[in-house]
Amino acid sequence: MPHEERTAFDRDPLWSSVGQVIWLLRQAEQDHRPPLRTIEVAGAMRIHHSRASELLNDLQKLHRVSAKKTGRHVRWSLGPVELRS
């Protein structure tokens with residue numbers, strides 16, 4: 001990959017898994033939909049449920065997403081760090 005393409009790739013947050021998760025949660029919020037469940041994030045990203053869970057848990061530790069458990073399901077929304085940006 002040429003240097004220019006690599007630079008553009010690295011700057012576009014939607015190329016990273018983290019960027020995609022944040023974008024999905026932001027879209028749900030902007031569309032006034034309820035916070036997304038882990039399985040919805042996994043389906044939208046076309047990744048395995050366990051990988052989505054891992055990503056979301058890592059982001060929660062960084063305060064970029066928040067989790068709320070209802071019954072057996074966890075719903076995810078933007079965390080304090082993302083709400084400030």
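Keep in mind that this is a model prediction, so the values were computed, not measured.
Atoms OG and CD1, from Ser17 and Ile22 in turn, are 11.5 Å apart once rounded to the nearest 0.5 Å. The CD atom of Gln27 lies 5.0 Å from the CD atom of Gln30; values are rounded to the nearest 0.5 Å. One distance of note links CG of Asn57 with CG of Leu62; it measures 11.0 Å at 0.5 Å rounding. Separating the OG1 atom in Thr70 from the CZ atom in Arg75 is a distance of 6.0 Å, to the nearest 0.5 Å. Atom CG of Leu25 is separated from atom CD of Gln20 by 12.0 Å, given to the nearest 0.5 angstrom.
Inter-residue side-chain proximity for Val41 and His49 is flagged as unmet; no heavy-atom pair is nearer than 4.5 Å.
Linking Ile, Leu, Val, Met, Phe, Trp and Tyr residues whenever their side-chain heavy atoms come within less than 4.5 Å places Met45 and Trp23 in a single cluster. One hydrophobic cluster holds both Ile47 and Val18 under the rule that ILVMFWY side chains link at heavy-atom gaps under 4.5 Å.
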_Test log, rule side-chain hydrogen bond (donor to acceptor under 3.5 Å, both in side chains), inputs Ser66 and Trp76_ = CA-CA 6 Å; Ser66 297; Trp76 299 91; over 6 Å; no
*Tell me, with the steps shown, if Glu82 and Val65 meet side-chain contact (heavy atoms from CB on, under 4.5 Å).*
CA-CA 7 Å; Glu82 289 303 317; Val65 300; 5.8 Å; no
_Evaluate Leu56 against Val74 for side-chain contact (heavy atoms from CB on, under 4.5 Å), listing each step before the verdict._
CA-CA 10 Å; Leu56 289 160; Val74 178; over 6 Å; no
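A salt bridge does not link Arg26 with Glu29: every distance from a Lys NZ or Arg NE/NH1/NH2 to an Asp or Glu carboxylate oxygen is 4.0 Å or more.
Leu36 approaches Leu24 most closely through the heavy-atom pair CD1-O, 3.8 Å. Between Pro34 and Ala28, the shortest heavy-atom contact is O-CB, 4.3 Å.
Ser50 is linked by a side-chain hydrogen bond (donor to acceptor under 3.5 Å, both in side chains) to His48, counting only residues two or more places apart in sequence or in another chain.
A distance-only check finds a donor-acceptor pair linking the side chain of Glu40 to the backbone of Arg37 [under 3.5 Å].
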